[in-house]
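Heads up, the thing below is written out as structure tokens.
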Amino acid sequence: MPIQRKRVTADPSHAIASTPVGRLRRLRRSELPEDTIELARFLIGKVLVRDHRGNRTSGRIVETEAYPVGDAAGHAFIGLTAANHSLFRAKGHAYVYLIYGLSYMCNVAAERRGIGAGVLLRALEPLEGISVMQRRRGTTGLTELAKGPGRLATAMAIDRRCDGIDLCAAGPLWLGVDDERPAVRLSRSVRIGLTKEVDRLLRFYERGNVYVSGPRGLRR
DNA sequence: AGTGCGATTGACT
DNA sequence: GTCAATCGCACTA
């Protein structure tokens, strides 16, 4: 008779505490897929790192949305402006903007220089600097720390001053990868909160990850 | 110079 | 579940 193993209680805080921050290396720009949708998939499981005022915070990217070329919901759709020009930079640059007067959204520019497209980072699984994130967010919760794009920005102290940062360079905000970690199981869905292009399946997330945002039914 | 609105969040019924 | 807050920016005039 096989021994019935007792199921380990799903405790997010324990999961975080026991998650080793493995060997992290900076992503090179040449590693990033040029295609916006491929980039959105690629970024799941990669790590966003923030070095700010002597504090390091980082988290695994668990949810993204693609805003490809020609997408009427994308900020580049109206053409190049003072506000959105970072979207037209080479892949791997940050595009940060304020929405509804209160939430910053952090994007990764995609495609070649001169082409406007990007990937919205919608949620992180916190890794380093959890207490710092908790202070910035004003909560002791763990699953709510960076679940949702505005919360992600707050937890990582990302604001408009981060717009244009090269995420593939040594600096205050960059993208890393832990090559030791196993590949991610991806799911996709429609994008959240849009009034245009509502049917396109351009949201990607790690299947079953408790740090993924969105309504029930769009998390599994 | 004025208007409308948005890739959200948190508070509240 | 509903709903208001709050700001920068593109657009119109």
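Chain identifiers are assigned alphabetically (A, B, ...) following the order of the sequence lines, protein sequences preceding nucleic acid strands; residue numbering begins at 1 within each chain.
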Donor-acceptor under 3.5 Å (Asn84(A) side chain, His75(A) main chain)
yes
Looking at Lys147(A), Glu63(A), Arg203(A), which hits side-chain hydrogen bond (donor to acceptor under 3.5 Å, both in side chains) with Ser213(A)?
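Going through the options one by one, the only one that passes is Glu63(A).
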Ignoring backbone atoms, establish whether [X] has a side-chain N or O less than 4.0 Å from OP1 or OP2 of [N].
X         : N      : value
Arg160(A) : dC7(C) : no
Arg191(A) : dT8(B) : no
Arg122(A) : dT8(B) : yes

Roughly how many Å is it from [atom1] in [X] to [atom2] in [N], rounded to a whole number?
X         : N       : atom1 : atom2 : answer
Tyr205(A) : dA7(B)  : OH    : P     : 21 Å
Arg151(A) : dA11(B) : CZ    : C1'   : 12 Å
Asp163(A) : dA7(B)  : CG    : P     : 16 Å
Ile78(A)  : dC5(B)  : CD1   : P     : 15 Å
Lys147(A) : dG10(B) : NZ    : C1'   : 15 Å
Leu98(A)  : dC5(B)  : CG    : C1'   : 13 Å
Asp199(A) : dA7(B)  : CG    : P     : 16 Å
Arg200(A) : dA7(B)  : CZ    : P     : 15 Å

Take a 6.0 Å sphere around CZ of Arg185(A) and say whether it holds more than 12 heavy atoms from other residues, nucleotides or ligands.
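No, the 6.0 Å shell around CZ holds no more than 12 heavy atoms from other groups.
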Heavy-atom neighbours of Arg112(A) CZ exceed 12 at 6.0 Å
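Counting other residues, nucleotides and ligands, CZ of Arg112(A) stays at 12 neighbours or fewer.
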By nearest atom, which of the nucleotides [options] is closest to the [X] side chain?
X        : options                  : value
Tyr67(A) : dA10(C), dG10(B), dA7(B) : dA7(B)
Thr81(A) : dA10(C), dT8(B), dA7(B)  : dA10(C)
Ile99(A) : dT8(B), dT9(B), dA10(C)  : dT8(B)

Examine Arg191(A) relative to Tyr67(A) and say whether NZ or CZ is less than 6.0 Å from the centre of the six-membered ring and inside a 45° cone about the ring axis.
yes
Select from Gly150(A) and Lys196(A) the residue whose nearest nucleotide in DNA chain B is closer to the 5' end of that strand.
Lys196(A)
Let me spell it out: for each of Thr195(A) and Gly148(A), pick the nucleotide of DNA chain B with the closest heavy atom. Which residue's pick is nearer the 5' end?
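It is Thr195(A) whose nearest nucleotide is closer to the 5' end.
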Is the shortest side-chain N to carboxylate O distance from Glu180(A) to Arg23(A) below 4.0 Å?
no
Check every strand shown and say whether Ala83(A) touches a base, only sugar-phosphate, or nothing at a heavy-atom separation below 4.0 Å.
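Since only primed, P, OP1 and OP2 atoms lie under 4.0 Å of Ala83(A), the category is sugar-phosphate.
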So Arg203(A), base contact, sugar-phosphate only, or nothing? Heavy-atom distance under 4.0 Å.
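If one applies the 4.0 Å heavy-atom cut-off, Arg203(A) turns out to touch nothing in the nucleic acid.
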Contact list for DNA chain B against residues 100-108 of chain A - heavy-atom distance below 4.0 Å:
Tyr100(A), Leu102(A), Ser103(A), Met105(A), Asn107(A)
Might you point out which heavy atoms bring Leu32(A) and Cys168(A) nearest each other, and give the distance in Å?
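Between these two residues, the closest heavy atoms are CD1-SG, 3.8 Å.
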I need the minimum non-hydrogen distance between Leu142(A) and Tyr211(A), along with the two atoms involved.
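So the minimum-distance heavy-atom pair works out to O-CE2, 3.7 Å.
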Its dot-bracket string being built from Watson-Crick and G-U pairs below 3.5 Å, with | for another strand and [ ] for crossing, DNA chain B has the pattern ||||||.|||||.
Quick check on side-chain contact (heavy atoms from CB on, under 4.5 Å): which of Arg137(A), Glu125(A), Arg151(A) does Leu145(A) satisfy it with?
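Exactly one candidate clears the test, Arg137(A).
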Can you tell me how far CG of Leu27(A) sits from CG of Leu43(A), rounded to the nearest 0.5 angstrom?
8.0 Å
